[in-house]
Amino acid sequence: MKTCALSVSKSGKGGGTVTSTPIGINCGTDCTEPYATGTKVTLTATPNVGTRFTGWSGACSGTKPTCTVSMTASKSVTATFKPVYTLTVSKTGAGSGTVGSSPAGISCGEDCMEDCIGETRVKLTATVKTGSKFIGWSGACAGITTMSCTVAMSEAKTVGANFVTH
């Protein structure tokens, strides 16, 4: 019976494991396994706590946590795991307004906290309500007085939006 090797590697700053059906790969520790030619191997990526699986490359593609590889030759697959950091927005001052984000997630009025995948750049935009004025950001956007700021998520971060009455 002819066999070919399936090799799995992991990338990114997060952590997780990749397992296979049929059994053989448990990458963590066992990342290469020979399979009979013609075998269809389903790989499952499981992120560690505080991490997200963000996609496959090599013989697999996409962002779903499972993929299937048809073993017609030796193949390699990479699973990418990235850390998750919390972005917290607060509103300060006597004025009123809201803060939204791109990518979506923060809608502060109601939702002022979002878990963001590491390396994501989040653009925050302040919207002033009638009778108020936006005077600037604090925290990770300290010193910026325009209506928007961008936060690079390399760790948990806090941003304040300061609204005053006028």
Side-chain angles (χ1 to χ4, degrees), residues 5-33 35 40-69 71 74-92 97-127 134 136-163:
L6 177 59
S7 296
V8 174
S9 60
K10 298 183 289 182
S11 71
K13 294 181 180 177
T17 58
V18 178
T19 55
S20 67
T21 304
I23 62 170
I25 291 181
N26 187 352
C27 186
T29 54
D30 181 6
C31 298
T32 302
E33 194 68 27
Y35 291 98
K40 289 187 186 238
V41 180
T42 299
L43 297 173
T44 302
T46 306
N48 292 344
V49 172
T51 300
R52 287 210 183 123
F53 169 73
T54 61
W56 301 101
S57 59
C60 285
S61 62
T63 57
K64 292 184 179 179
T66 61
C67 77
T68 301
V69 179
M71 296 305 296
S74 291
K75 296 188 178 180
S76 62
V77 174
T78 300
T80 302
F81 297 93
K82 292 187 177 177
V84 175
Y85 303 113
T86 301
L87 174 59
T88 304
V89 174
S90 62
K91 297 185 299 179
T92 61
T98 60
V99 177
S101 69
S102 176
I106 300 279
S107 181
C108 189
E110 296 113 32
D111 181 5
C112 298
M113 189 179 280
E114 187 68 21
D115 287 336
C116 302
I117 295 171
E119 302 169 24
T120 299
R121 295 179 62 79
V122 180
K123 182 179 180 182
L124 298 173
T125 303
T127 304
F134 177 78
W137 302 94
S138 62
C141 289
I144 298 173
T145 57
T146 59
M147 298 293 282
S148 65
C149 79
T150 300
V151 180
M153 294 305 297
S154 57
E155 61 186 347
K157 294 193 177 176
T158 301
V159 175
N162 194 358
F163 297 95

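Residue numbers run from 1 in the order of the sequence given.
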### Query
Quick one: do the S9 and T78 side chains pair a donor with an acceptor below 3.5 Å?
yes
### Task
Return yes if a side-chain donor-acceptor contact under 3.5 Å exists between T19 and N26, otherwise no.
no
### V89 and its side chain to side chain contact (heavy atoms under 4.5 Å, CB included) partner, picked from T98, V122, I106
I106
### Query
Would a distance-only check, ignoring hydrogens and angles, find a side-chain to backbone donor-acceptor pair under 3.5 Å from T21 to I23?
no
### Distance-minimising heavy-atom pair for P22 and K40
CD-O, 3.7 Å
### T42: partners by side chain to side chain donor-acceptor pair (under 3.5 Å), with sequence neighbours left out
T68
### Query
Are T145 and W137 close enough, and set up right, to give a side-chain contact (heavy atoms from CB on, under 4.5 Å), and what steps lead you there?
CA-CA 6 Å; T145 57; W137 302 94; over 6 Å; no
### Least distance between heavy atoms, C31 atom then I25 atom
O-CD1, 4.3 Å
### Query
With S20, which residues qualify under side chain to side chain donor-acceptor pair (under 3.5 Å), at least two apart?
Y35
### Message
Once rounded to the nearest 0.5 Å, what's the spacing between atom SG of C27 and atom CD of E33?
### Response
11.5 Å
### Task
Could you tell me whether the side chain of W56 and the main chain of K64 form a donor-acceptor pair under 3.5 Å?
yes
#### Entry: Distance, nearest 0.5 Å, that separates CG of L6 from OG of S74
9.0 Å
### Task
First locate atom SG of C116, then atom NZ of K82, and finally report the distance between them rounded to the nearest 0.5 Å.
13.0 Å
#### Entry: Under 3.5 Å side-chain donor-acceptor pair for T54 and T80
no
### Query
Measuring from L87:CG to C108:SG, what's the distance to the nearest 0.5 Å?
10.0 Å
### Distance in Å, F163 CZ paired with T127 OG1, rounded so as to fall on 0.5 Å steps
7.0 Å
### Query
Is there a donor-acceptor pair closer than 3.5 Å between any side-chain N or O of K10 and the backbone N or O of G15?
no
### Summary
The reported gap from CD in E114 to CG in L124 (rounded to nearest 0.5 angstrom) is 11.0 Å
## Note on the structure
Closest heavy-atom pair, P47 versus T51, reported as atoms and distance to 0.1 Å, is CB-O, 3.4 Å
